[in-house]
Amino acid sequence: MLATDTSSSALAIQRDDTQREGGLLTSALRERAADQHYLKLSGLAKSFGSTRVFSEIDADIARGEFITLLGPSGCGKSTLLRAIAGLNNVDAGQIIVNGHDITHLPPQRRGIGMVFQHYALFPNMRVVDNVAFGLRMKKVQPEERERRVNEILRLVELTDHAQRFPHQLSGGQRQRVALARALVVEPQILLLDEPLSALDARIRRHLRDQIRDIQKSLGLTTLFVTHDQEEALLLSDRIFLMHQGRILQQGNAEALYTRPVDATAAGFMGHYNLIGRELAQPLLGYLSDGPRVALRPEALYLQPDSSLYGLQDSQVNFPTQALPSNSGPACPGVIRRHQLLGNIVRYEVDCQGLRLNIDVLNRSSRQLLPTHLRVQVYADLDEVQALADIPAASPTAKQAS
């Protein structure tokens with residue numbers, strides 16, 4: 001995985017340079033520094049009339065990095081992508097690629113490839129002609145054009161479909177044609193605007209993996225837009241979590257999943273349980289400085305209620321869950337319902353008036369706990385995340401460490 005803390009990398013470069021060259025960058029160090037700031041977004045803002053779409057967008061993206069813009073519908077992520085592509089102008093700020101300001105360049109001069117959600121293929125052209133379209137516009141010679149088209153069709157596994165029309169292809173195949181058309185012109189940056197949202201789950205998983213493999217093999221700087229948390233966590237070197245037109249938090253998948261900066265981030269990532277400070281101490285045994293704490297469903301543990309009033313059913317085959325070393329006190333609770341999520345069972349437990357979601361590995365159908373069963377709930381105190389008192393539309397993006 002690529003480095004995710006560009007500021008610390010830059011400082012390391014500067015220290016190394018000071019020791020070797022008395023403060024003057026060697027060509028190798030200059031190239032390394034440039035790679036860490038390959039795509040720079042500085043103070044970008046965009047409004048449509050009186051409606052602000054995004055503002056104060058600042059980001060440094062390394063060469064070859066896979067960045068996901070994650071967030072709910074309407075948070076500005078697709079408009080930001082289109083602004084980078086040159087399809088929308090910006091009201092303020094700069095877009096710098098490899099040291100060159102492209103903010104006011106037309107789309108065809110930016111060296112950026114874009115794949116849209118709805119394919120945008122020419123219905124009257126065969127696959128091979130759709131893929132070659134951009135090369136024809138660039139007046140690439142026929143021999144070179146044929147070579148590059150054949151090469152990219154092999155890369156996306158569509159060689160056998162080269163002579164078909166779009167209506168003769170499945171949704172996943174059409175999206176691969178759109179991807180091939182963007183890649184064949186050898187862009188500096190690839191932009192993907194929710195390219196998988198219209199596909200069924202199986203095709204989506206396959207194409208998701210294929211996109212990541214191609215991106216890694218080409219070392220292509222990529223920005224990917226999605227509102228799907230799972231896609232973001234699986235694909236990204238770094239995730240930019242957007243909310244109300246701002247980057248609320250950025251960092252790698254682990255940082256965003258385990259260390260949300262506030263309740264808004266926690267509410268979007270990981271199905272967190274959000275618990276007020278006044279309940280966190282008596283029920284979980286956690287004293288918080290902030291107004292709320294967040295706890296992931298897998299950081300809560302279910303145990304049989306062996307108390308006098310537990311009325312534990314001896315026929316219940318309770319799932320084995322060894323308690324963590326730093327667990328809080330037992331909180332008596334009652335199972336209200338469950339959701340089967342494949343390899344996970346998510347229980348909703350009423351814990352003295354507090355509703356908690358608790359995830360348990362689904363090892364066997366014989367260990368499915370019935371509703372109304374009394375249980376004891378324990379929290380892993382090492383996994384409790386105290387949330388800062390930050391307004392949802394914070395003007396400053398919080399960097400996840």
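Just so you know, these numbers use all the heavy atoms, side chains as well, and skip hydrogens, waters and symmetry mates.
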**Student:** Apply side-chain hydrogen bond (donor to acceptor under 3.5 Å, both in side chains) to residues His338 and Glu348 and explain how you reach the verdict.
**Tutor:** CA-CA 6 Å; His338 72 269; Glu348 184 182 291; over 6 Å; no

**Student:** Are the side chain of Arg126 and the backbone N or O of Gln163 linked by a donor-acceptor pair below 3.5 Å?
**Tutor:** yes

**Student:** State, to 0.1 Å, how close Ala265 and Gln249 come at their nearest heavy-atom pair, and which atoms those are.
**Tutor:** CB-OE1, 3.5 Å

**Student:** Could you give me the CA-CA distance, side-chain angles and deciding distance for Asn326 and Asp382, then say whether side-chain hydrogen bond (donor to acceptor under 3.5 Å, both in side chains) is met?
**Tutor:** CA-CA 7 Å; Asn326 188 21; Asp382 290 334; 2.8 Å; yes

**Student:** With a 4.5 Å limit on heavy-atom distance, are the side chains of Gln367 and Val345 in contact?
**Tutor:** no

**Student:** Is there a side-chain contact (heavy atoms from CB on, under 4.5 Å) between Gln281 and Tyr286 once you walk through the steps?
**Tutor:** CA-CA 4 Å; Gln281 184 176 15; Tyr286 185 86; over 6 Å; no

**Student:** Are any of the side-chain heavy atoms of Tyr347 and Val360 separated by less than 4.5 Å?
**Tutor:** yes

**Student:** Strictly distance-based, threshold 3.5 Å: is any side-chain N or O of Asn273 a donor or acceptor partner for the main-chain N or O of Leu295?
**Tutor:** yes

**Student:** Looking at Gly64 and Asp237, what are the two nearest heavy atoms and their distance?
**Tutor:** O-OD2, 4.1 Å

**Student:** So, does Thr103 use its side chain to make a donor-acceptor pair with the main chain of Ile95 at under 3.5 Å?
**Tutor:** yes

**Student:** For Glu144 and Gln141, indicate whether the former's side chain and the latter's backbone hold a donor-acceptor pair under 3.5 Å.
**Tutor:** no

**Student:** Checking side-chain polar atoms at under 3.5 Å, does His227 have a donor or acceptor matched by the opposite partner on Glu194?
**Tutor:** yes

**Student:** Is the number of heavy atoms from other residues, nucleotides or ligands within 6.0 Å of CZ (Arg110) greater than 12?
**Tutor:** yes

**Student:** Carefully, step by step, assess Tyr38 and Ile61 under the rule side-chain contact (heavy atoms from CB on, under 4.5 Å).
**Tutor:** CA-CA 6 Å; Tyr38 182 69; Ile61 297 168; over 6 Å; no

**Student:** Under the criterion side chain to side chain contact (heavy atoms under 4.5 Å, CB included), which of Val225, Leu223, Thr222 is the partner of Leu192?
**Tutor:** Thr222

**Student:** Is any NZ, NE, NH1 or NH2 atom of the basic residue among Arg204 and Asp209 found under 4.0 Å from an Asp or Glu carboxylate oxygen of the other?
**Tutor:** no

**Student:** Tell me, with the steps shown, if Asp91 and Arg52 meet salt bridge (Lys or Arg N to Asp or Glu O under 4.0 Å).
**Tutor:** CA-CA 10 Å; Asp91 301 328; Arg52 187 194 71 188; over 6 Å; no

**Student:** Heavy atoms only: give me the nearest Ile203-Gly172 pair and the separation to one decimal.
**Tutor:** CG2-CA, 3.7 Å

**Student:** Between Ser47 (side chain) and Ser50 (backbone), is there a donor-acceptor pair under 3.5 Å?
**Tutor:** no

**Student:** Verify side-chain contact (heavy atoms from CB on, under 4.5 Å) between Tyr378 and Leu300, making sure each step is shown before the conclusion.
**Tutor:** CA-CA 6 Å; Tyr378 295 82; Leu300 288 163; over 6 Å; no

**Student:** Minimum heavy-atom separation for Asn98 to Arg63, with atom names?
**Tutor:** OD1-NH2, 3.5 Å

**Student:** For the backbone of Ala263 and the side chain of Tyr272, can you confirm whether one donor and one acceptor N or O come within less than 3.5 Å of each other?
**Tutor:** no

**Student:** Quick check on Arg363: does its CZ atom have over 12 non-hydrogen neighbours (other residues, nucleotides or ligands) under 6.0 Å away?
**Tutor:** no

**Student:** Walk me through it: do Gln108 and Lys138 pass the test side-chain contact (heavy atoms from CB on, under 4.5 Å)?
**Tutor:** CA-CA 9 Å; Gln108 63 272 21; Lys138 289 177 175 289; over 6 Å; no

**Student:** Give a yes or no on whether the backbone of Ile214 and the side-chain of Ser217 come within a donor-acceptor separation of less than 3.5 Å.
**Tutor:** yes

**Student:** Considering non-hydrogen atoms only, spot the tightest contact between Ile275 and Leu354 and give its length.
**Tutor:** CG2-CD2, 3.9 Å

**Student:** Taking the side chain as every heavy atom from C-beta outward, state whether Arg208 and Leu234 have any pair of such atoms under 4.5 Å apart.
**Tutor:** yes

**Student:** Assess, by modelled atom type and distance only, whether the side chains of Arg259 and Gln385 contain a donor and an acceptor separated by less than 3.5 Å.
**Tutor:** no

**Student:** Has Glu383 got a side-chain atom pairing as donor or acceptor with Asp380's backbone, closer than 3.5 angstrom?
**Tutor:** no

**Student:** Should the pair Asp359-Arg296 be classified as a salt bridge under the 4.0 Å nitrogen-to-oxygen rule?
**Tutor:** no

**Student:** What I'd like to find out is whether the side chain of Gln352 reaches to under 4.5 Å of the side chain of Leu283, using heavy atoms alone.
**Tutor:** yes

**Student:** Less than 4.5 Å apart, any side-chain heavy atom of Val149 and any of Val184?
**Tutor:** yes

**Student:** Taking atom CG as the centre, does Asp289 end up with more than 12 heavy-atom neighbours from other residues, nucleotides or ligands that are less than 6.0 angstrom away?
**Tutor:** no

**Student:** Kindly indicate whether the side chain of Thr371, heavy atoms from C-beta on, has any atom under 4.5 Å from the side chain of Arg336.
**Tutor:** no

**Student:** For the side chain of Thr258 and the backbone of Glu254, is there at least one donor-acceptor N/O pair under 3.5 Å apart?
**Tutor:** yes

**Student:** As a test of understanding, state which of Lys46, His104, Arg82 forms a side chain to side chain donor-acceptor pair (under 3.5 Å) with Asn89.
**Tutor:** Lys46

**Student:** I would like to know whether Glu231 and Thr226 meet side-chain hydrogen bond (donor to acceptor under 3.5 Å, both in side chains); could you show each step before the answer?
**Tutor:** CA-CA 7 Å; Glu231 280 181 0; Thr226 185; 2.9 Å; yes

**Student:** For Asp305 and Arg374, run salt bridge (Lys or Arg N to Asp or Glu O under 4.0 Å): C-alpha distance rounded to whole Å, both residues' side-chain angles, the deciding distance at 0.1 Å, then the answer.
**Tutor:** CA-CA 6 Å; Asp305 186 348; Arg374 294 184 179 273; 5.6 Å; no

**Student:** With the threshold set at 4.0 Å, does a side-chain nitrogen-carboxylate oxygen contact exist between Arg147 and Glu143?
**Tutor:** no

**Student:** Is a donor from one side chain sitting under 3.5 angstrom from an acceptor on the other, for Gln117 and Ser197?
**Tutor:** yes

**Student:** Closest approach of Leu256 and Gly251, non-hydrogen atoms and distance?
**Tutor:** CD1-N, 3.3 Å

**Student:** Find out whether Val185 and Val140 are in side-chain contact, i.e. whether some heavy atom of one side chain is under 4.5 Å from a heavy atom of the other.
**Tutor:** no

**Student:** If you draw a 6.0 Å radius around CD in Glu146, do more than 12 non-hydrogen atoms from other residues or ligands fall strictly inside?
**Tutor:** no

**Student:** Do Phe240 and Ile67 have side-chain heavy atoms sitting under 4.5 Å apart?
**Tutor:** yes

**Student:** Using a 3.5 Å distance criterion without hydrogens, assess whether the side chain of Ser364 forms a donor-acceptor pair with backbone atoms of Arg366.
**Tutor:** yes

